[in-house]
Amino acid sequence: MKVRTRFAPSPTGFIHLGNIRSALYPWAFARSQGGTFILRIEDTDLERSSQEAVDVILEGMKWLGLDPDEGPFYQMQRMERYRAVVQEMQDKGLVYPCYMSVAELDALREKQMAAKQKPRYDGTWRPEPGKTLPPVPEGVQPVLRFKNPIGGVVAWDDKVKGRIEIANDELDDLVIARPDGTPTYNFCVVVDDIDMQITHVIRGDDHVNNTPRQINIFRALGYEPPVFAHLPTVLNEQGEKMSKRNGAKPVTGYRDEGYLADAVVNYLARLGWSHGDDEIFSREQFLQWFNLDHLGKSAAQFDDAKLRWVNSQHMKAMDDAALAQLVEPLLRQRGVEPDARLPVICGLVKDRCDTLLVLADWAQRFYADVTPNADEAAKHITDGVRPAISMLAKTLETNEWTKEAIGEAIKDVLRATGLKMPQLAMPVRVLVMGTAQTPSLDAVLAASRREVVVERLRKA
Ligand code: GLU
C-alpha cells in the first residue's frame with residue numbers, strides 16, 4: 001500500500017505552531033514511507049476564511065520545508081464534485097430529505113434536554129419500510145440527512161488513542177447538504193479523503209468526534225476508511241489550548257524572529273513524538289526515525305525557552321557558510337553590506353546566539369559603528385591602561401593581520417607594560433566590540449578590519 005497523507009487546514013486564522021504540527025507529522029510519515037503528502041485547504045467557511053490566512057499556511061509550510069507533493073486543493077473549487085456525490089447518495093437511497101424546521105428542531109432539543117436526554121435528531125423524516133412519513137410542508141427546502149446505520153458500533157484502532165468504539169445509536173443522522181444544496185463539512189472531508197486516496201489521516205483530536213460519522217459515510221460510499229491518528233492538543237505556556245486568541249504567533253513570526261526552519265521542525269517533532277531521549281536531531285534523522293508508534297498520548301505544552309535552546313543548538317551545529325547565507329539578508333535589511341569575512345564571523349560568535357537576529361546583532365559589530373557600553377567603558381578603560389592601548393594601536397597599524405600575529409602583538413604589549421591579559425583585553429574588547437563579553441580577543445580582532453580596530457582603539 002502506498003502511503004498518502006494530507007494536511008487539511010481551515011484558513012480561518014493565522015496558522016500557529018500548534019496547528020502546523022498537524023502538517024509536520026503527515027509530511028514526515030509520507031516522506032519516511034516513500035509516500036505522498038497532500039495539501040488541502042478547507043475554505044468552505046466563507047465568512048471566516050481569508051486569503052491572508054492561506055498565504056501564511058503556504059509561506060509557513062514552504063519555510064519549514066513541508067512541501068506538498070500534490071495540492072494545494074481548495075474545497076471551494078470542488079463543489080461540483082461534492083454535489084455529484086450527494087446526487088449519487090440520493091440515487092442509492094443513502095440519504096433522505098428532512099423538512100424539519102429550525103423551530104421544530106429547537107423544540108425537539110428542549111424537550112429532550114428537559115427529559116435529561118442527549119439532544120439528537122429523532123429520525124422523524126427517515127423513511128423505513130411500513131412507516132408513514134409526515135406530509136411534506138409546502139415551500140420548504142429540505143436538508144439531506146445521511147442514513148446512519150442503526151444498531152452496532154463504529155470502531156477504529158486509533159494510532160494515538162488506541163481502540164475507540166462508538167455505538168451507532170449515539171450518532172444521529174448527519175445533515176450532508178443544506179437546503180440550498182451546499183454540502184456540509186464532514187461530508188466534504190470524506191469525499192476528499194476518498195478522492196485523494198488518503199491512507200492515513202493524522203489530525204488534531206478536536207476531530208475525534210467527527211471520525212465515527214465520517215467512517216459511516218466512507219462505508220456507505222463503498223470504501224474502507226483510512227488509518228486514523230488523532231494528535232493531542234498543544235497547550236500554551238499557561239496551559240490553555242494554543243490559539244490565536246490567547247496570543248499564539250503565526251508560524252511565519254518565528255521565521256521573522258530569526259529561528260531556523262530545521263530547529264522549529266526539531267522542536268515541533270518532539271512536541272508530541274519521541275525517539276528515546278533524543279532532543280536535538282536533523283531533519284534527515286527525524287525522517288529516518290519517524291513512525292506513528294511513538295506519538296505522545298497526552299497534551300504537549302509549548303515552551304518558548306526550550307524552543308530558543310533547540311534553536312541555539314542548531315545554530316551551533318550549523319555550517320558557518322550556510323549560517324552566513326541566512327544572516328546576509330538580515331544585515332542588508334539593516335543597511336550593512338557584508339563581505340567575505342562573514343562566515344568566519346558567524347563561526348566566531350554563533351555559540352553565543354540563540355536566534356539569527358542575535359547573530360546579526362553580533363555580526364553587525366564587525367561592519368558598522370559600535371557604541372562602547374558606558375558602564376563597561378568606565379570600568380575597564382582607565383588611565384592605567386591607556387598607554388598600553390595606544391601602544392597596541394600603533395603595533396597593529398603594520399602588524400601581520402592573522403590571529404597568531406595579533407596574539408603575539410598583544411603579548412608584546414603585556415610584556416612591555418607589565419599588565420595582565422584581562423587588564424588589556426577587556427578595554428580593547430569594549431572599544432572594538434562595544435562589550436567586554438566577546439569571543440577570544442585575537443580571533444575577534446583578526447576578523448575585524450585593521451583600520452577600524454586601530455581607529456576604535458585610538459578613541460580610548
Ligand atoms: N480543516 C480541519 C481543521 O483545520 C481539519 C480537518 C481534518 O484534518 O480532517 O481543523
Side-chain angles (χ1 to χ4, degrees), residues 7 14-29 56 60-61 63-66 160 202 204-206 229 231-319 322-323 326-327 330 346 349-362 437:
F7 176 47
F14 296 137
I15 191 165
H16 55 69
L17 287 187
N19 299 138
I20 209 152
R21 194 191 57 167
S22 300
L24 179 65
Y25 294 164
W27 169 82
F29 190 59
V56 176
M61 290 177 72
W63 172 54
L64 292 176
L66 310 180
V160 179
I202 304 165
D205 67 2
D206 45 335
L231 307 170
T233 320
V234 179
L235 304 176
N236 66 13
E237 298 199 81
Q238 289 70 45
E240 307 151 349
K241 189 179 153 98
M242 204 175 188
S243 95
K244 192 179 72 159
R245 276 184 302 282
N246 51 31
K249 274 180 277 194
V251 170
T252 45
Y254 290 87
R255 176 196 59 192
D256 302 342
E257 285 176 24
Y259 286 86
L260 297 175
D262 281 6
V264 174
V265 163
N266 179 168
Y267 177 76
L268 285 180
R270 281 290 288 108
L271 200 65
W273 169 86
S274 58
H275 181 266
D277 292 331
D278 291 302
E279 289 287 0
I280 302 296
F281 39 82
S282 67
R283 181 181 295 260
E284 292 70 33
Q285 190 67 77
F286 171 49
L287 292 182
Q288 266 172 30
W289 287 337
F290 187 74
N291 59 36
L292 300 180
D293 301 326
H294 294 94
L295 291 169
K297 293 194 195 318
S298 48
Q301 191 157 11
F302 179 73
D303 178 348
D304 204 42
K306 172 119 186 243
L307 173 58
R308 282 187 95 90
W309 175 77
V310 171
N311 203 52
S312 71
Q313 298 303 306
H314 277 261
M315 287 183 61
K316 217 185 268 191
M318 199 165 164
D319 174 68
L323 212 43
L326 297 178
V327 176
L330 300 178
C346 288
V349 297
K350 66 183 180 184
D351 59 356
R352 303 173 171 257
C353 304
D354 54 12
T355 69
L356 292 173
L357 296 190
V358 177
L359 181 57
D361 289 345
W362 268 106
Q437 312 306 317

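Hydrogens, waters and symmetry mates play no part in the numbers below; they use all other heavy atoms, side chains included.
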Practice prompt. Could you please spell out the steps behind the side chain to side chain contact (heavy atoms under 4.5 Å, CB included) verdict for L17 and V234?
Written response: CA-CA 9 Å; L17 287 187; V234 179; over 6 Å; no
Worksheet item: Can we call the ring centroids of F286 and W273 under 6.0 Å apart?
Response: yes
Without swapping roles, check the side chain of [X] against the backbone of [Y] for a donor-acceptor pair under 3.5 Å.
X: R283; Y: V265; answer: no
X: R270; Y: D278; answer: yes
X: N246; Y: K241; answer: yes
X: N266; Y: S282; answer: no
X: Y267; Y: D303; answer: yes

Side chains of [X] and [Y]: closer than 4.5 Å at any heavy-atom pair?
X: L326; Y: M318; result: yes
X: Y259; Y: V310; result: no
X: L292; Y: F29; result: yes
X: L235; Y: M242; result: no
X: L64; Y: L24; result: no
X: E279; Y: W309; result: yes
X: E257; Y: T355; result: no
X: M315; Y: L356; result: yes

Worksheet entry | Heavy-atom pair of closest approach, residues A229 and L295 |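 Minimum heavy-atom contact is CB-CD1, 4.3 Å.
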Worksheet item: If every non-hydrogen atom of A360 is compared with every non-hydrogen atom of V327, which pair is closest and at what distance?
Response: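 For A360 and V327, the tightest heavy-atom pair comes out as CA-CG1, 4.0 Å.
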Atom [atom1] in [X], atom [atom2] in [Y]: separation rounded to 0.5 Å?
X: L271; Y: Q301; atom1: CG; atom2: CD; answer: 9.5 Å
X: S22; Y: L231; atom1: OG; atom2: CG; answer: 5.0 Å
X: E284; Y: D262; atom1: CD; atom2: CG; answer: 7.0 Å
X: L323; Y: L260; atom1: CG; atom2: CG; answer: 7.0 Å
X: I202; Y: Y25; atom1: CD1; atom2: OH; answer: 10.5 Å

Discussion item. Determine whether D354 and N311 satisfy the following criterion, side chain to side chain contact (heavy atoms under 4.5 Å, CB included), listing intermediate values before the conclusion.
Written reply: CA-CA 6 Å; D354 54 12; N311 203 52; 5.5 Å; no
Item to complete: For the pair D351 and K316, find out whether any cationic side-chain nitrogen is under 4.0 Å from an anionic carboxylate oxygen.
Response: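 A salt bridge is absent here (no side-chain N lies under 4.0 Å from a carboxylate O).
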Worksheet entry | Residues which pass ring-ring contact (aromatic ring centres under 6.0 Å, His included) with W289, listed by chain and number, not counting sequence neighbours | H275, F281
Discussion item. Regarding N19 and H16, do their side chains bring together a donor and an acceptor under 3.5 Å, going by distance alone?
Written reply: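 On atom types as modelled, these side chains qualify, holding a pair under 3.5 Å.
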Item to complete: Give the intermediate values and the outcome of side chain to side chain contact (heavy atoms under 4.5 Å, CB included) for residues V264 and I20.
Response: CA-CA 11 Å; V264 174; I20 209 152; over 6 Å; no
Fill in: Face-on cation placement of K249 at Y254 ring, 6.0 Å and 45° thresholds
yes
